[in-house]
Protein chains: 2
Amino acid sequence: MDGEQLHQLIYRYESATFTVNRRLSALIRELMPGGLTADQYGILRYIQERQRCTSSELADMFCVGKSSITAIITRLFDKELIRRMPDEKDRRIIYLQLTEKGAGVATEMEIKIQQLLARYISHFEEQEAETFIRTYEKLAKVLTEQ
Amino acid sequence: MDGEQLHQLIYRYESATFTVNRRLSALIRELMPGGLTADQYGILRYIQERQRCTSSELADMFCVGKSSITAIITRLFDKELIRRMPDEKDRRIIYLQLTEKGAGVATEMEIKIQQLLARYISHFEEQEAETFIRTYEKLAKVLTEQ
DNA sequence: TGATATAGTTCCCTTGTTGAATTGTTTTAC
DNA sequence: GTAAAACAATTCAACAAGGGAACTATATCA
């Protein structure tokens, strides 16, 4: 791939990612139930998948400082969506878990987002979508490993 | 494409997009010169491409309220990166343009981001990257048209 | 045991966002 | 030709999210 080709591809990538991200996050914002934000939902989903996790792990995964995570966690805690469970052995560690209410909200939102995305992704042939996602996952992997 | 396949694809899409977006925006954040944010850069780039535009157009493109745009524009104005040019005929309209300084900063940042993305995208075969981008552009189009 | 590292929090400041109200200007309808 | 409606941009108050520095409490290491 020569320089000019690469340049063109990157330009097109920037353009597409800008449009897709802005539009999708606006659509998702509208979907959110009272008071929940997209970031808060992201945290809920992450915890739901892992069953439990720590603030530091969230900070790493979300690529932000730990103080940002503390702030979000506090808001979710105040809404009674998550629980703080201190580790028995190492008392510096506080595990985060969803409450029943938190799990309900996360699942409800997941379904809504699935429905939203389905409206757009179903426009594509299965093969095209599969190929696309596979490359996207590769990109995610490259970004994670470096 | 049946329901379960679609469900799996969407799940994988959410996962990949989360990782890519979080990682890339953290990398881009580090690249930014003193005081400029990614959103501010996005606005500069948009204006640079169109030569000039209005606040309302930016609000539409960025999918946010006009008051958000006013806030960002004011910060860029204070940094002397953009100029406000009232329309001669319709005095409600204020066109935004880059100053020389603004154009310099935008171009400098664009080069840095190109270099950053090149480090990752160059890992892919040209054909794979082309196919990927083409689908991504289609998705952007579908999202824009609805 | 004393120094160092780690997990999480707190505090302060900045940015981006919303939504409602406001100002000034233009267009429309009668 | 004027009154009403529409429109572009701004202001303001409130909040979410982010960074960084300082801090607390606990654990590990030498």
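Just so it is clear, the structure is predicted and the values come from calculations on it, not from any experiment.
Residue A:Gln40 places its side chain closer to D:dA16 than to any other of D:dA16, C:dT17, D:dG19. Distance from the side chain of A:Arg75 is smallest for D:dA16 among the nucleotides C:dT26, D:dA9, D:dA16. Candidate nucleotides C:dT26, D:dT10, D:dA27 were compared by shortest atom distance to the side chain of B:Lys66, and D:dT10 ranks first. Of the candidate nucleotides D:dA17, D:dA9, C:dT26, D:dA9 has the atom lying nearest to any side-chain atom of B:Thr54.
Using a cut-off of 4.0 Å between Lys/Arg side-chain N and Asp/Glu carboxylate O, A:Glu130 and A:Arg134 are scored as salt-bridged.
When rounded to the nearest whole Å, the span between CG of A:Asp60 and P of C:dG8 equals 10 Å. One atom, CG of B:Leu58, and another, C1' of C:dG16, lie 14 Å apart when rounded to the nearest Å. If you measure from atom CG of A:Asp87 to atom P of D:dA27, you get 9 Å, rounded to the nearest angstrom. In this entry the distance linking CZ of B:Arg29 with P of D:dG19 reads 5 Å, nearest Å. Across the protein-nucleic acid pair, A:Ile28 atom CD1 and D:dA16 atom C1' stand 17 Å apart, rounded to whole Å. Going from atom OH of A:Tyr95 over to atom C1' of C:dA7 covers 11 Å, rounded to whole Å. When the P atom of D:dA9 is taken as reference, atom CE of B:Met85 falls 14 Å away, rounded to whole Å. Between the CD atom of B:Glu30 and the P atom of D:dG19 there is a distance of 10 Å, given to the nearest Å.
Counting non-hydrogen atoms under 4.0 angstrom, B:Thr74 reaches nothing in the nucleic acid. B:Ala71 comes within 4.0 angstrom of a nucleotide base, judged by non-hydrogen atoms across all strands. Nucleic acid contact for B:Ile72: sugar-phosphate only, since backbone atoms but no base atoms lie under 4.0 Å from a heavy atom of the residue. Within 4.0 Å (heavy atoms only), A:Thr70 reaches at least one base atom of the nucleic acid. Base contact: A:Ser68 has a heavy atom under 4.0 Å from a base atom.
A donor-acceptor contact under 3.5 angstrom links the side-chain atoms of A:Arg92 to the base of C:dT6. Judged by distance alone with a 3.5 Å cut-off, a donor-acceptor contact links the side chain of A:Ser67 to the base of D:dG20.
Within the structure, a side-chain polar atom (N or O) of B:Arg22 is placed less than 4.0 Å from OP1 or OP2 of D:dG18. Taking 4.0 angstrom as the limit, B:Arg91 places none of its side-chain polar atoms (N or O) nearer than this to OP1 or OP2 of D:dA8. Between B:Arg84 and D:dA8, a side-chain N or O to OP1/OP2 separation shorter than 4.0 Å is absent.
Side-chain contact between B:Tyr41 and B:Leu31: absent, with no pair of heavy atoms (C-beta onward) separated by less than 4.5 Å. In this structure, the side chains of B:Glu14 and A:Arg45 come closer than 4.5 Å at one or more pairs of heavy atoms. Side-chain contact between B:Leu139 and A:Phe124: present, with at least one pair of heavy atoms (C-beta onward) separated by less than 4.5 Å.
Along DNA chain D, the nucleotide closest to A:Glu88 and the one closest to B:Ile73 are compared, and the more 5′ of them pairs with B:Ile73. Sequence order on DNA chain D of the closest nucleotides to B:Glu57 and A:Ala38 puts B:Glu57 first from the 5' end.
For the pair A:Phe77 and A:Ile82, the tightest heavy-atom approach, listed with the atom from each and the gap, is CD1-O, 3.5 Å.
Checked by atom type and distance alone, the side chain of A:Arg83 pairs as donor or acceptor with a backbone atom of A:Leu98 at under 3.5 Å.
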